[in-house]
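For reference, the structure is listed below as structure tokens.
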Number of protein chains: 2
Amino acid sequence: MDNTTSTALPARSAEACHANVNAVRDALYVLNGKWKLPLIVSLLNGPRRFKEIQRALVDITPKVLSKELRELEINGLIERQVFNTVPVTVTYQLSPYSDSLHPVIESLMLWGQKHRERIVQERRSEPVAMEID
Amino acid sequence: MDNTTSTALPARSAEACHANVNAVRDALYVLNGKWKLPLIVSLLNGPRRFKEIQRALVDITPKVLSKELRELEINGLIERQVFNTVPVTVTYQLSPYSDSLHPVIESLMLWGQKHRERIVQERRSEPVAMEID
DNA sequence: CAGTATCCCGCTGGATACTG
DNA sequence: CAGTATCCAGCGGGATACTG
């Protein structure tokens, strides 16, 4: 019946915990779905055109891409620019405000890499149940 | 260009960009959905019981909570512990591995807070169309 | 308390085709 | 090229009720 083995972390009050939960939910409200963050990542190098983004995010359909871009624009994270070429050229780029997301993006990319490595390791060291004759 | 800036984000090559996109997608694969991250946040203070988590994450139904907990456990992010009390007591706590998520969680919480503040500011300075009698 | 069992709705997002 | 228009499948996830 040993308990209270709380991990080392800024222990906080129940209200603070709830505030944190809400903060994360607020963030997720804007960054929700399958595509928002990958889309932002694909723009880290600079402005990209619609078709370029579509190619970067393999398999995203134009409808969905269009919707995601619109939502991100509404939330002030990306900017749309139209050029009067023929045919028309449109570029999307990250807004200055999106810089505030860098810590999120960076930590997420890093964790994604590490996690993938971890999975690979597991697969390697695991005596997976396999067919034997 | 200076590559000594610690927070420099942009991937230089197209392949690096694609790798980054994939890393984020890998991360999101594990942290997907509406509840995973808030759930983890709710455990930052230490072990919690099923019902406690349910209360912390207002409005999550037992079915969904159960599913989310199982998935997080499978991915090694939380640990389940059963105590032979009557009635049975079950606690969930973050695993050591989940520590690797701290940068993600922290940056996300921070950004969520800032973003909410920003929204409030916008609302204030915006001459919103409103009903008048 | 700690869940499971059903039922089911809505929304995300995919497929395909079409337009300026 | 840069999208929009339709149609539709899947499933995330909510409501409610029930079990050990």
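The figures here come from the full heavy-atom set of this structure, side chains too, leaving out hydrogens, waters and symmetry mates. If you're wondering where the values come from, they're calculated on a predicted model, not measured in any experiment. Labels below follow one simple rule: chain letters A, B, ... track the order of the sequence lines, proteins then strands, and each chain is numbered from 1.
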Open item on the list: Measuring only between side-chain heavy atoms, which start at C-beta, is B/Leu39 closer than 4.5 Å to B/Ile78?
Closed with: no
- [ ] Answer with base, sugar-phosphate or nothing: what part of the nucleic acid does A/Glu68 contact at a heavy-atom distance below 4.0 Å?
- [x] sugar-phosphate
Task: Any A/Arg80 side-chain nitrogen or oxygen under 4.0 Å from OP1 or OP2 of D/dG3 - done: yes
Task: B/Gln81 CD - C/dA2 P separation (whole Å) - done: 13 Å
Task: Selection from C/dG3, D/dA5, C/dA2 that lies nearest to any side-chain heavy atom of A/Lys63 - done: D/dA5
Task: pair B/Asp26-A/His115: side-chain heavy atoms closer than 4.5 Å - done: no
Open item on the list: Rounded to whole Å, please give me the gap between CG in A/Leu37 and P in C/dT12.
Closed with: 16 Å
- [ ] Whole angstrom is fine here: how far is it from CG in B/Leu28 over to C1' in C/dG13?
- [x] 15 Å
TODO: For B/Tyr92, answer base if it contacts any base atom (sugar-phosphate contacts may also be present), sugar-phosphate if it contacts only those atoms, and nothing otherwise; contact means non-hydrogen atoms under 4.0 Å.
DONE: sugar-phosphate
TODO: Report the distance from atom CG of B/Leu65 to atom C1' of D/dG14, rounded to the nearest whole Å.
DONE: 14 Å
TODO: Indicate the atoms forming the closest heavy-atom contact of A/His18 with B/Ala56, along with that distance.
DONE: CD2-O, 3.4 Å
- [ ] Please determine if a side-chain N or O atom of B/Ser66 lies less than 4.0 Å away from the OP1 or OP2 oxygen of C/dT4.
- [x] yes
Open item on the list: I want to check something: taking the side chain as every heavy atom from C-beta on, are B/Leu28 and A/Leu108 in contact at a cut-off of under 4.5 Å?
Closed with: yes
- [ ] Provide the Watson-Crick or G-U wobble partner of C/dA2, both distances under 3.5 Å; none if there is no partner.
- [x] D/dT19
Task: Candidate nucleotides C/dA2, D/dA2, D/dG12, ranked by approach to the side chain of B/Arg49 - the nearest - done: C/dA2
Open item on the list: I want to check one thing: is the phosphate of D/dT4, taken as OP1 and OP2, less than 4.0 Å away from some side-chain N or O of A/Arg70?
Closed with: yes
Task: Residue mapping more 5' on DNA chain C - nearest nucleotide basis, B/Val88 or A/Asn32 - done: B/Val88
Open item on the list: Using the side-chain heavy atoms of A/Pro62, tell me which of these nucleotides is nearest: D/dG3, C/dG14, D/dA2.
Closed with: D/dG3
- [ ] Enter the distance from B/Lys67:NZ to B/Lys36:NZ here, rounded to the nearest 0.5 Å.
- [x] 5.5 Å
Open item on the list: Output the rounded distance in Å from NZ (A/Lys51) to P (D/dG3).
Closed with: 11 Å
Open item on the list: From the set C/dA15, C/dC1, D/dC1, return the single nucleotide nearest to any side-chain atom of B/Pro87.
Closed with: C/dC1
Task: Rounded distance in Å - NZ (B/Lys36) to C1' (D/dG12) - done: 10 Å
Open item on the list: Using side-chain heavy atoms (C-beta onward) and a distance below 4.5 Å, is B/Leu77 in contact with B/Val30?
Closed with: yes
Task: Atom pair distance, as rounded to whole Å: CZ in B/Phe83 and C1' in C/dA2 - done: 14 Å
- [ ] Check the distance between D/dG12's P and B/Leu69's CG and give it to me in whole angstrom.
- [x] 16 Å
Task: Nearest-neighbour nucleotide for the A/Lys34 side chain, C/dG13, D/dA2, C/dA2 considered - done: C/dG13
- [ ] From the options D/dG3, D/dG14, C/dG14, select the nucleotide whose nearest atom is closest to the side chain of A/Trp35.
- [x] C/dG14
